[in-house]
Amino acid sequence: MNLENFAAETAGKFERKFKRKPEWIVAAPGRVNLIGEHTDYNDGFVFPMGIERYTVIAAAPNNSRTIQLLSATNGGTATIDLTKPIIRGEPSWANYVRGVIDGFIKKGQSIPGFDAVLDSNVPMGGGLSSSAALEVATATLLEEATGFKLDPVEKALLAQKAEHDFAGVPCGIMDQFTSVMAKKGHLLLLDCRSRTTELVPLTDPGITILIVNTNVKHELTGGEYAKRRAQCEKAASILGVPSLRSATMPMLEAARGRMDDVIFRRARHVITEIERTLEAAQEIRQSHWSQVGKLMYASHLSLRDDFEVSCSELDLVVDIAREIGEAGGVYGCRMTGGGFGGCTVALVQSGLSGQITSHIGRVYQEKTRIEPAIFSSRPGQGAMVLK
Ligand code: GLA
């Protein structure tokens, strides 16, 4: 469903629930990362795009000191009392909203009471940043409700802080930055150290970005993510650099005797992944699709073997894609997002994308007994106010 229809549907749900029309409708997209994984919290480069899947919020003031939320995605409701300090609580999906509200309050804003319906077609827990989409949609709504406009970097950082403090995930800045700043028809090359972005066009109709959701989510994600972050920080401190962005492979090789093998491999992933990301941006600018594909496969192997954040289902999709190969229309494929389940991203020839989809779907299901969800997306637009 396109965004316009999805937003109209959400507005209809608001009207049925709250018996009036919404005053504001906002949307923020999920993201898929083409390459540059687990590099954002190491001050490196990432290369994501917004996807044409959104979290939409329809809302209107209610002249009270409470916020009433209805999640059309899971049918749940939540109430937030604005006369009390905003703290984490149940239901847990509302914590993303609470965190962003808290961020606005800490910036000195007074939040009016409102009613809202939230809906999303970003797959939940699939590594496509459904939580960032909700945080950024909430921030966009609060900009409208308070009249207090944040600059895009500040907005992304406020949303990231909500994730840290209210969801307990020590994430980097990629997801929230992308949900705020994505541009239709472009990939976003983001330098996580300087927080500057460069838009790289991806408009060739012959090229399709195919996303395969393995529909598995292995537990431990939160804890393993924090562990990886700590291991990267340890590597940086042994190397005597502020972050792994400042490290090089010769530096790491020279320090091999001073760190255990796990720390060495974590650092090797980050250092080589930052290089691959910059190379991929260069190759995309020249439409060198085979080269981009090779970098994507290399990224996957590094995430699988050195960073150890893949899983058998993600590896299977990448293996099937590799078997199809360029002759069958697949340039490259890799896991995307935090890992331990979720999605792969593939760069494929548009003309063969239907065939590729059914082949991957069939073989994956035969081998795992799990039905995957496969869809393509053009680079979508970042957060927007629709009404
Ligand atoms: C999650 C985090 C991001 C990033 C990726 C891995 O999506 O939220 O900040 O670290 O994992 O690249």
Side-chain angles (χ1 to χ4, degrees), residues 28-51 53 55 95-96 99 122-136 153 156-182 187-193 195 197 211 213-214 217-218 220-233 243-245 266-267 269-274 276-277 280 295-296 299-300 302-304 306-311 314 334-345:
R31 63 99 190 93
V32 69
N33 188 21
L34 194 71
I35 194 163
E37 218 64 81
H38 288 275
T39 49
D40 61 350
Y41 53 83
N42 290 296
D43 284 347
F45 285 88
V46 293
F47 203 23
M49 63 179 218
I51 53 174
R53 298 283 187 117
T55 289
N95 282 332
Y96 302 106
V122 184
M124 299 288 149
L128 298 175
S129 297
S130 53
S131 55
L134 176 52
E135 290 148 8
V136 172
V153 172
L157 292 174
L158 187 151
Q160 181 202 26
K161 190 164 175 4
E163 179 101 21
H164 286 186
D165 298 348
F166 281 71
V169 181
C171 64
I173 63 173
M174 167 168 69
D175 307 347
Q176 291 80 8
F177 266 67
T178 312
S179 191
V180 172
M181 291 172 215
L187 288 157
L188 196 64
L189 181 64
L190 168 60
D191 179 338
C192 302
R193 181 163 64 186
R195 292 170 180 162
T197 56
I211 297 160
N213 189 345
T214 59
K217 183 166 173 59
H218 296 286
L220 294 172
T221 312
E224 289 296 323
Y225 186 90
K227 214 160 145 189
R228 295 299 179 287
R229 235 192 129 136
Q231 288 165 334
C232 291
E233 277 156 22
S243 70
L244 288 177
R245 166 71 178 273
R266 302 295 188 253
H269 165 72
V270 174
I271 295 168
T272 57
E273 183 77 355
I274 292 172
R276 280 187 290 273
T277 306
L295 292 163
M296 290 171 78
S299 165
H300 185 78
S302 176
L303 287 157
R304 186 190 71 183
D306 275 354
F307 217 65
E308 295 178 280
V309 290
S310 188
C311 64
L314 288 166
R334 56 181 286 280
M335 57 155 275
T336 186
F340 304 105
C343 294
T344 62
V345 59

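Values in this document were obtained by computation on a predicted structure and should not be read as measured data. First listed ligand is number 1; within each ligand, the first listed atom is number 1.
Proximity to H38 (heavy-atom distance under 4.0 Å) selects the following atoms of ligand 1: 6 (C), 12 (O). Near C171, with a cut-off below 4.0 Å to any heavy atom, the atoms of ligand 1 are 2 (C), 8 (O), 9 (O). Atoms of ligand 1 lying under 4.0 Å from at least one heavy atom of Y225, given by number and element, are 1 (C), 2 (C), 3 (C), 4 (C), 9 (O), 10 (O), 11 (O).
Where the criterion is an N or O separation shorter than 3.5 Å, residue side chain and backbone included, Y41 fails it with respect to ligand 1. Checked against a 3.5 angstrom limit, the closest N/O atoms of G172 and ligand 1 fall inside it. Between R31 and ligand 1, at least one N/O pair is under 3.5 Å apart.
Residues N42 and R245 have side chains not in contact (no heavy-atom distance under 4.5 Å, counting atoms from C-beta outward). Between L314 and R304 the shortest side-chain heavy-atom distance does not fall below 4.5 Å.
Side chains of S302 and E273: no donor on one and acceptor on the other come within 3.5 Å.
Formation of a donor-acceptor pair under 3.5 Å by the R53 side chain with backbone atoms of P123 is not found in this model. A donor-acceptor pair under 3.5 Å links the side-chain atoms of R334 to the main chain of L34, judged by distance alone. T336 places a side-chain N or O within 3.5 Å of a backbone atom of N33 that can act as its donor or acceptor partner.
Nearest-heavy-atom check against atom 5 (C) of ligand 1 across M174, E163, R228 picks out M174. The option from V309, D40, D175 that lies nearest to atom 4 (C) of ligand 1, judged by heavy atoms, is D40.
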